[in-house]
**Student:** 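Shown below is the structure under consideration.
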2 protein chains.
Amino acid sequence: MDSDICQVTIVDRQRIARAVDQLPDPPVLTEVAATFKLLGDPTRLKILHALAAEELCVCDLAALLAVSISAVSHQLRLLRGQGVVRFRREGKIVYYQLDDDHIRQVMADMRAHIESCRR
Amino acid sequence: MDSDICQVTIVDRQRIARAVDQLPDPPVLTEVAATFKLLGDPTRLKILHALAAEELCVCDLAALLAVSISAVSHQLRLLRGQGVVRFRREGKIVYYQLDDDHIRQVMADMRAHIESCRR
DNA sequence: ACATCATTTGAACACTTGCTCAACTGTGAG
DNA sequence: CTCACAGTTGAGCAAGTGTTCAAATGATGT
């Protein structure tokens, strides 16, 4: 019972072991992937960039992204679920903002990465 | 021709204008979203974490992730397409590694974010 | 030339995703 | 209370995604 993973030829066990050690714990990795996935949609990414700059209500977001209020609300729900955005109610209007500076940092890093590649 | 976007009530035009100014250029935003999307899949994220630690061949990756070689190869193709990984051929074996330190940084930041949230 | 091994690729499929539309909350004004 | 408005939610659907399986490359050894 050595190659029980599948019928895969293993080239370097030590290297594999070192790489496995670097993987985050499964629950952390799942969360990281889920959060990256949220950033991986253009509409949500625009929402987050906008909220990184300004606190905005749902209809303002819809206006500036040129998408329906319903679509924005659906996406905000997902973002809320991952704790990426926070909201505050003021009368009938709900204002959203980024919940976390790490996310701002991650977006800035990735933007720098892409912009450095295009030069 | 003022509210030509849709039938949305605009709450604060100045705030919208400021937020729009912060959005990256469309081509940049598209690339950023595409790269985040790649990081948003657990299999690919594991591949990238592993490659962030060690240069590895396809079959080693398949072994350490416990997925098929074909699945790994398909994902590596996507990662290559975005310029996230680089490869080098040595005889029959193809070794992959991260192409870019920015990506390593982005993954580290996101991991820090998640781990700070779970405390 | 042939067999073998590591990897790539294409087609097929189940599953997921992001949108729209319509119905529903919930808050403030008359 | 009733109406209008900001936002949320659920169902439905077209488009996209990740995996598997089988066939095709491409390099090495005999």
Side-chain angles (χ1 to χ4, degrees), chain A residues 3 5-12 15-16 30 33-48 51 55-82 85-97, chain B residues 3 5-12 15-16 30 33-48 51 55-82 85-97:
Chain A
S3 60
I5 299 167
C6 44
Q7 295 80 357
V8 164
T9 311
I10 281 140
V11 169
D12 188 334
R15 213 169 348 190
I16 293 177
T30 302
T35 310
F36 275 133
K37 181 177 259 175
L38 288 180
L39 300 181
D41 173 73
T43 302
R44 283 191 298 264
L45 190 59
K46 280 182 223 161
I47 289 175
L48 292 173
L51 294 181
E55 185 187 51
L56 292 163
C57 68
V58 179
C59 66
D60 282 353
L61 280 169
L64 83 82
L65 303 177
V67 296
S68 76
I69 289 181
S70 177
V72 172
S73 185
H74 276 295
Q75 302 298 10
L76 286 169
R77 196 164 111 90
L78 298 175
L79 295 170
R80 253 159 35 213
Q82 271 296 315
V85 301
R86 186 182 357 167
F87 67 100
R88 143 182 102 78
R89 180 149 219 150
E90 194 170 294
K92 286 186 279 193
I93 298 176
V94 179
Y95 289 97
Y96 281 84
Q97 59 184 288
Chain B
S3 61
I5 299 168
C6 46
Q7 295 80 359
V8 164
T9 311
I10 279 138
V11 169
D12 187 336
R15 217 175 337 194
I16 293 178
T30 302
T35 310
F36 275 134
K37 181 177 257 176
L38 287 180
L39 300 181
D41 173 71
T43 302
R44 282 191 299 262
L45 190 59
K46 279 181 222 162
I47 290 175
L48 292 173
L51 294 181
E55 186 187 51
L56 292 163
C57 69
V58 179
C59 66
D60 281 353
L61 280 168
L64 82 83
L65 303 176
V67 297
S68 76
I69 290 180
S70 177
V72 172
S73 185
H74 276 295
Q75 302 297 12
L76 286 169
R77 195 164 110 92
L78 298 176
L79 295 170
R80 253 158 36 212
Q82 272 295 317
V85 301
R86 187 184 354 170
F87 67 100
R88 142 182 102 76
R89 180 149 218 150
E90 194 169 294
K92 286 185 281 191
I93 298 176
V94 179
Y95 289 97
Y96 282 83
Q97 63 188 120

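Source: prediction; values computed, not measured. Chain identifiers are assigned alphabetically (A, B, ...) following the order of the sequence lines, protein sequences preceding nucleic acid strands; residue numbering begins at 1 within each chain.
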**Student:** Can a side chain N or O of B/Q75 be found less than 4.0 Å away from OP1 or OP2 on D/dT17?
**Tutor:**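 For D/dT17, neither OP1 nor OP2 has a side-chain N or O of B/Q75 closer than 4.0 Å.
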**Student:** Round to the nearest Å and state the distance from A/E90 atom CD to C/dG26 atom C1'.
**Tutor:**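 Taking atom C1' of C/dG26 as the reference, CD of A/E90 is at 16 Å.
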**Student:** Could you list, one pair per line, each protein nitrogen or oxygen that sits under 3.5 Å from a nitrogen or oxygen of nucleotides 3-6 of chain D, together with the distance?
**Tutor:**
unit_1 : atom_1 : unit_2 : atom_2 : d
D/dA6  : OP2    : B/T9   : OG1    : 3.4

**Student:** As a check on the pairing definition, encode DNA chain D in dot-bracket form, counting Watson-Crick and G-U wobble pairs whose two distances are under 3.5 Å, and using | for partners outside this strand.
**Tutor:** ||||||||||||||||||||||||||||||
**Student:** Just jot down the salt bridge (Lys or Arg N to Asp or Glu O under 4.0 Å) partners of A/R80, sequence neighbours excluded, or say none.
**Tutor:**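 Listed in chain order: nothing, the list is empty.
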**Student:** Using whole Å, what does the distance between atom C1' of nucleotide C/dC19 and atom CZ of A/R77 come to?
**Tutor:**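 In whole Å, C/dC19 C1' and A/R77 CZ are 15 Å from each other.
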**Student:** Expected output is a numbered-order residue list: members of residues 37-45 of chain B with a heavy atom under 4.0 Å from any atom of DNA chain C. What is it?
**Tutor:**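 Those residues whose heavy atoms fall under 4.0 Å from DNA chain C, taken from residues 37-45 of chain B, amount to none.
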**Student:** A/V94: which residues meet the side chain to side chain contact (heavy atoms under 4.5 Å, CB included) condition with it, sequence neighbours left out?
**Tutor:**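 Listed in chain order: A/F87, A/R89, A/Y96.
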**Student:** How long is the straight-line distance from CD1 of B/I16 back to CG of A/L56, given to the nearest 0.5 Å?
**Tutor:**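 Output value for this atom pair is 7.0 Å.
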**Student:** Can you tell me how far the CD atom of A/Q75 sits from the CG atom of A/L48, to the nearest 0.5 Å?
**Tutor:**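 Here the interatomic distance stands at 10.0 Å.
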**Student:** Would you please name every residue forming a side chain to side chain donor-acceptor pair (under 3.5 Å) with A/R77, sequence neighbours left out?
**Tutor:**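 For A/R77 there are no side chain to side chain donor-acceptor pair (under 3.5 Å) partners, ignoring immediate neighbours.
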**Student:** Could you please spell out the steps behind the side-chain contact (heavy atoms from CB on, under 4.5 Å) verdict for A/R88 and A/R86?
**Tutor:** CA-CA 7 Å; A/R88 143 182 102 78; A/R86 186 182 357 167; over 6 Å; no
**Student:** Atom CG of B/L76 and atom C1' of C/dT9: how far apart are they, to the nearest Å?
**Tutor:**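 Rounding to the nearest Å, CG of B/L76 and C1' of C/dT9 are 13 Å apart.
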**Student:** Rounded to the Å, how far apart are A/Y95 OH and C/dT27 P?
**Tutor:**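 It is 16 Å, rounded to the nearest whole Å.
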**Student:** How long is the gap from CG on B/L61 to NZ on B/K46, to the nearest 0.5 Å?
**Tutor:**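 These two atoms lie 12.0 Å from each other.
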**Student:** So A/V85 and A/I47, do their side chains get closer than 4.5 Å, heavy atoms only?
**Tutor:**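 With C-beta onward as the side chain, the pair stays apart.
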**Student:** Quick test: give all pairs of protein nitrogen or oxygen and nucleotides 20-23 of chain D nitrogen or oxygen below 3.5 Å, distance rounded to 0.1 Å.
**Tutor:**
unit_1 : atom_1 : unit_2 : atom_2 : d
D/dT20 : OP2    : B/S68  : OG     : 3.1
D/dT20 : O4     : B/H74  : NE2    : 3.3
D/dC21 : N4     : B/S70  : OG     : 2.7

**Student:** By side chain to side chain contact (heavy atoms under 4.5 Å, CB included), which residues pair with A/S73, not counting sequence neighbours?
**Tutor:**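 In terms of side chain to side chain contact (heavy atoms under 4.5 Å, CB included), with neighbours along the sequence ignored, A/S73 is linked to no residue.
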**Student:** Whole Å only: how far is the CG atom of A/L65 from the C1' atom of C/dT20?
**Tutor:**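 Nearest whole value for this atom pair: 17 Å.
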**Student:** Measure CZ/B/F87 against C1'/C/dT9 and give the value in whole Å, please.
**Tutor:**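 For the pair B/F87 CZ and C/dT9 C1', the rounded distance is 14 Å.
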**Student:** Closer than 4.0 Å, any side-chain N/O of A/R80 to the OP1 or OP2 of D/dT8?
**Tutor:**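 Result: yes.
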**Student:** Can you tell me how far P of C/dC19 sits from CG of A/L61, to the nearest Å?
**Tutor:**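 Computing the A/L61:CG to C/dC19:P distance gives 13 Å.
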**Student:** So which heavy atom on A/I93 is nearest to which on A/C57, and how close?
**Tutor:**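 Closest approach of A/I93 to A/C57: CG2-CB, 3.4 Å.
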**Student:** Identify each donor-acceptor pair in which a side-chain atom of residues 33-41 of chain B lies under 3.5 Å from a protein atom, sequence neighbours left out, and give them as a table.
**Tutor:**
unit_1 : atom_1 : unit_2 : atom_2 : d
B/T35  : OG1    : B/E31  : O      : 2.9
B/T35  : OG1    : B/Q82  : OE1    : 3.1
B/D41  : OD2    : B/T43  : N      : 3.2
B/D41  : OD2    : B/R44  : N      : 3.1

**Student:** Please report the closest heavy-atom contact between A/A71 and A/S68, naming both atoms and the distance.
**Tutor:**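 In terms of heavy atoms, the two residues are closest at N-OG, 3.0 Å.
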**Student:** Only counting residues at least two apart or in another chain, list the ones meeting side chain to side chain donor-acceptor pair (under 3.5 Å) with A/Q97.
**Tutor:**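 Residues passing side chain to side chain donor-acceptor pair (under 3.5 Å) with A/Q97: A/E55.
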**Student:** So what does A/Y96 touch, heavy atoms closer than 4.0 Å: a base, only the sugar-phosphate, or nothing?
**Tutor:**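 Since only primed, P, OP1 and OP2 atoms lie under 4.0 Å of A/Y96, the category is sugar-phosphate.
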